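Worth saying up front: this structure is predicted, and the values here are computed from it rather than measured. Sequential numbering from 1 along the given sequence is applied to the chain's residues. The basis for the numbers below is simple: all heavy atoms, side chains too, and nothing from hydrogens, waters or symmetry mates.
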Amino acid sequence: MSDAGDEIRVLYVDDDPDVADLTATALERADDRFVVETVPDTETALGRLDDDVDCVVSEYDMPDRTGVEFLCLVRERVPGLPFVLFTDTGSESVASEAISAGVTDYLRKDAHADGAAILANRIGNAVDGHRAERERRRHLDAIETAQEGIAILDDEEFVYVNEAYASLYGYDPDDLVGERWEQVYPDDETAVIHEEVLPTVRADGQWHGETTGLRADGSTFVEDHRLATTDRGELVCSVRDVSDRRERTRQFEAVFDNTYTFTGLLDPDGTVREANETALEFGGVDREAVVGKRLWETCWFAASETARSTVRKAVQQARSGDLFRDEVRIQGTDRAVVIDFSIRPITDEAGTVTSLVPEGREITDRKQRERELRRSERRLEAVFEDPKMLVGVLSPDGRLRKANRTAMELIDADHEEVVGEPFWETPWWPGDDRAAVREWVERAADGEYVEYESDHVNSGPERRSVSGTIRPVTDESGAVVSLIASARDTTERREHRRALRRRNERLDEFASVVSHDLRNPLNVATGHLSVAQRQVESAHLDETAHALERMEDLIEDLLTLAKADDRVADFESVDLAAVARDCWRNVSSPGTTLRVEAEGTINADRSQLQQLLENLFRNSVEHSSTDSRSRTGDSVEHGATSNRTQSGDSVEHGSTGSRTGSDDSVEHGSTSNRTQSGDSAGSDSADRRPEADGGSSTITVGELPDGFYVADDGPGIPEAEREQVFESGYSTDEDGTGFGLSIVSKIAEGHGWTVSVAESERAGTRIEIGGVTRPNDRHPSA
C-alpha cells in the first residue's frame with residue numbers, strides 16, 4: 001500500500017460508463033497510488049475540481065463540450081493542474097488543438113495494446129512533475145520574500161536570482177540571469193574563490209565564510225557568504241551584507257581595547273572571562289593571569305580587603321539583576337588609583353542574567369579637583385560672606401544673581417525680592433545714581449575693571465558711603481560670564497576724614513599762633529640776648545640763652561607731636577629705599593654713612609614716614625657723632641635733633657632746629673661715654689663705638705618680615721630702659737624735651753604699626769617697625 005502522502009487522485013471524465021469503469025479499474029491496478037473517480041460529463045467534472053484532484057483524464061468527444069473546451073475551463077480554475085486527453089477520436093488537428101490549449105499529455109485509446117498501463121505511466125509522470133514544480137515554486141516564492149540574497153547557479157552561471165540578491169549588487173534579477181558569478185566579485189576575490197572556495201564546495205558539499213562583493217557602481221562590501229550543492233549539481237548561493245556588522249565589530253574592539261576605561265566580562269558568579277588591554281596594562285599582567293579567577297581575587301584588588309569586599313558585594317548585586325556602582329581604590333604596577341566602579345548585568349530574552357560587565361574609570365584627578373573645588377568654594381564663601389564687604393554676583397546683562405548677608409542687612413528687603421532685578425534698580429541705589437550704576441555695569445560687561453565711589457540707601461535715615469568695584473569674570477575664551485560687584489562701607493572713614501580736616505585746620509591755626517605769636521617774641525628775646533652777651537659777660541645770660549633755646553625745642557616738638565597724634569587717613573604706595581635716601585639728604589653728617597638694605601614698597605603716609613625716618617636718622621647721627629663729648633652734663637637723648645654747644649646743652653633727635661651751643665648730648669638712654677662729673681655710663685661704652693677713636697659710623701635701614709628697622713653702631717640702650725624711651729617727656733637729660741622717640745611712636749601708631757627697641761648686630765641701637773603692609777596686602781582700615 002502506498003502512503004497517504006503519495007496518493008494520486010484522478011478525475012476520469014467519459015460519457016461511456018462501461019469504458020470509464022473498466023479504465024478506472026485498470027489504472028488502480030497499474031499503480032496502487034491511484035484513486036480514480038469517474039464522472040459522465042464535463043459539467044459534473046468541473047464541480048469536482050474543488051476537491052483535492054491531482055490529475056484530470058478526459059475523453060475528447062463529450063455530449064456537452066469537447067475535451068479541449070473542457071481543458072480551457074480547467075486551466076482557468078486550476079492553472080497548471082495535469083490534464084491528459086485520452087480519446088477514441090484522434091487526428092492531428094485534435095492533437096494540435098489540445099497542445100495549443102496547454103494539455104499535459106495526449107493519448108489515443110487504440111494507439112497501444114496496453115493502453116491503460118501507458119496511461120497510468122503518463123499520469124504518474126505528470127503528477128510527479130507537477131508536484132515537484134509546485135514545491136520548487138513554493139521554495140522560489142519563499143526565496144523571493146527572504147531578506148538575504150539567494151541565487152542558483154548551474155555550470156557557474158546564474159539560473160535564478162532573487163530580488164534581494166540582485167539588489168545587494170545593484171542589479172535587477174534579469175540582469176544577472178545567464179551571467180557568470182565572476183561579474184559580482186572583484187578580480188582579486190575571484191582568484192580566491194576559484195582556488196579556495198569552489199574546491200571546498202566540491203569536496204564537502206558546502207562552504208561558509210566572508211567574501212568581498214562588487215556592486216554595479218564599482219563599490220565593494222563585506223558579505224557573509226554560504227555555498228551548497230544540490231542533488232542535481234546546481235550551486236545554491238546565499239549572501240548577506242555584513243559591512244555594518246564588521247564595522248560594529250571594529251568599533252566594539254576599539255571601545256573594548258582602545259579606551260582609558262577598565263572593562264571586561266564576567267560569568268554570573270564573578271569569574272573573569274575577558275579583560276581589556278587598559279586593565280591588563282595597568283595591572284601589569286597577561287590575560288591568562290586573570291581569566292578564570294574571581295574578580296575580587298585578581299591583582300587589582302589584592303592590596304585591600306575593603307576593595308575585595310566591595311567587589312564581592314557588587315557581583316552579588318549585579319547577579320540579582322541590579323546595577324552596582326561605587327568608588328573603589330585599585331592597585332596597579334606602580335600606583336594605586338580611585339575608580340568609579342560599576343558592574344551591570346546582561347540578560348537573555350527570558351530575563352536570566354547570563355553575563356556581568358565590570359567597568360572602572362579612573363577618577364583620582366577628579367577627586368583631587370573636587371577637593372580643591374570644595375576648598376576653593378569655602379574660600380570663596382569666606383570672601384563672599386566677608387562681614388565688612390558688600391558683595392553681589394551679577395549676570396552679564398546686569399541682573400543680580402546673589403548678594404551676601406552684609407549687603408542684605410543694609411536694606412529692608414528679602415533676597416528673593418532683589419534677585420533677578422537689574423542691579424541699578426535694586427534698593428541699594430538712590431534714584432539719582434542709577435544711571436551711573438548702569439553705565440558702570442555696562443562697562444564691566446565689556447571687560448573693564450570699574451572702580452567707583454558712591455552712596456547706598458539703607459534701612460535707616462542716612463545714606464552710607466561706599467567705595468567699590470565691578471569686575472568682569474571671563475571664561476577660557478575671554479567671554480564675560482558674570483560680574484562681581486563689591487564695596488566697602490566708607491562712611492566712618494569719610495566722617496573721620498572730615499574730622500581730620502577740621503582738626504588739621506585747628507592745628508594749622510595753632511601752628512600759626514605758635515609760629516607767629518610765640519616765635520616772634522621769642523626771636524626778639526633771643527636777639528636782645530645776643531646783643532647783651534656781646535656787651536656783658538654773665539652766667540645768667542648763658543642760662544637765659546639756654547632757656548630760650550629749650551623753648552624753641554619744646555615748640556618744635558609739640559607741633560610735630562600734635563600732628564602725629566592720630567591715625568593716618570591716606571595711605572599710598574611708597575618706595576621705602578627711595579624715601580630713606582631722600583631723608584638722609586636732610587640729616588646726613590660727616591663721618592656717618594647710610595646703608596639701605598630694604599627693598600620694595602610699603603603702604604604709608606609719605607610725609608609722616610619721612611618725619612619718622614628723619615627722627616630716627618638724627619637720633620643715630622647725633623648718638624654716633626664723632627664729636628668729642630667731654631662737657632659736664634652730656635646725655636644721650638634721641639628725641640631732640642638740634643646741636644648745642646653751650647654748657648649743659650642736649651641733642652634731641654625729634655627737634656629740627658639748629659643749635660650752636662658747644663655742649664652736645666644725645667638722649668639714648670644713659671649710655672653715652674661721659675668724662676666729666678655727672679656722666680652716667682661706664683667707659684666700656686666707648687669700646688663699642690668706632691667713632692670714639694675718630695672712625696666712621698654706619699646707619700642701616702633693613703627689612704623685616706613685616707616691616708623694617710633703623711640700626712646704628714652706637715653704644716645702644718640698656719634693656720631695662722627700652723620700654724621707657726617712647727614715653728612722652730621721658731629723657732635722661734635734664735635739658736631734653738622727651739618728645740623725640742615719642743613722635744616716632746605716635747607716627748607708627750597712626751599707621752597701625754608697632755615700634756620696639758633691640759640691640760643691633762654691632763651692639764648699637766636698632767629701632768624695629770612692625771605691622772607694615774605691602775601694596776598687595778589688605779590696607780588697614782582708617
Side-chain angles (χ1 to χ4, degrees), residues 1-90 94-95 97-109 111-112 114-143 230-232:
M1 292 291 295
S2 63
D3 294 335
D6 294 334
E7 183 179 84
I8 298 176
R9 295 183 61 82
V10 179
L11 181 64
Y12 182 45
V13 184
D14 197 325
D15 59 345
D16 186 342
D18 294 334
V19 174
D21 291 341
L22 182 62
T23 303
T25 301
L27 289 174
E28 290 176 350
R29 278 200 301 264
D31 193 331
D32 61 0
R33 294 179 299 167
F34 290 175
V35 176
V36 181
E37 179 185 0
T38 62
V39 292
D41 56 70
T42 61
E43 196 64 36
T44 303
L46 290 173
R48 296 289 194 272
L49 289 179
D50 293 336
D51 298 332
D52 190 12
V53 175
D54 294 309
C55 181
V56 175
V57 178
S58 177
E59 171 62 63
Y60 175 76
D61 192 8
M62 297 292 294
D64 50 354
R65 56 178 60 89
T66 67
V68 173
E69 292 172 342
F70 177 45
L71 168 63
C72 292
L73 294 174
V74 171
R75 285 283 180 264
E76 290 177 3
R77 293 194 180 188
V78 187
L81 181 66
F83 191 105
V84 178
L85 192 61
F86 187 57
T87 180
D88 286 329
T89 306
V94 170
E97 183 184 6
I99 292 171
S100 297
V103 72
T104 305
D105 208 342
Y106 174 83
L107 182 66
R108 288 184 53 153
K109 293 178 181 179
H112 303 280
D114 191 6
I118 295 174
L119 177 61
N121 184 59
R122 300 280 182 92
I123 292 171
N125 290 338
V127 171
D128 288 342
H130 175 66
R131 286 179 175 177
E133 182 61 29
R134 187 171 55 188
E135 187 66 22
R136 178 182 177 86
R137 177 51 55 189
R138 281 200 299 267
H139 290 167
L140 291 178
D141 289 344
I143 289 172
T230 69
D231 294 339
R232 292 186 295 182

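- Put simply, the side chain of Val74 reaches to within 4.5 Å of the side chain of Leu46, judged on heavy atoms.
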Counting only pairs under 3.5 Å, give me each side-chain donor-acceptor contact of residues 15-24, with atom names and distances, residues two or more places apart or in other chains.
unit_1 : atom_1 : unit_2 : atom_2 : d
Asp16  : OD1    : Asp18  : N      : 3.2
Thr23  : OG1    : Val19  : O      : 2.8

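- With contacts defined as side-chain heavy-atom distances shorter than 4.5 Å, the pair Glu37/Val53 does not qualify.
- To the nearest 0.5 Å, atoms CG (Leu49) and CG (Leu81) are separated by 7.0 Å.
- Within the 4.5 Å cutoff, side-chain heavy atoms of Leu107 are placed close to those of Ile118.
- Thr44 meets the side chain to side chain donor-acceptor pair (under 3.5 Å) test with Asp41; sequence neighbours excluded.
- A heavy-atom distance below 4.5 Å is found between the side chains of Leu71 and Arg75.
- A salt bridge links Asp128 to Arg33: at least one charged side-chain nitrogen sits closer than 4.0 Å to a carboxylate oxygen.
- Counting heavy atoms from C-beta outward, Ile8 and Arg131 have side chains that approach closer than 4.5 Å.
- Taking the side-chain contact (heavy atoms from CB on, under 4.5 Å) definition, one finds that Ala120 meets it with Leu27, Ala30, Phe34, sequence neighbours left out.
- In terms of the ring pair (Phe, Tyr, Trp, His ring centres under 6.0 Å) criterion, Tyr12 has no residue partners (sequence neighbours excluded).
- With values rounded to the nearest 0.5 angstrom, Thr87 atom OG1 is found 7.0 Å from Asp61 atom CG.
- Every residue meeting the side chain to side chain donor-acceptor pair (under 3.5 Å) condition with Thr42, not counting sequence neighbours, appears here in chain and number order: Asp64, Arg65.
- Nearest heavy-atom pair across Phe83 and Gly67 is CZ-O, 3.9 Å.
- For Phe86, there are no ring pair (Phe, Tyr, Trp, His ring centres under 6.0 Å) partners at least two apart in sequence or on another chain.
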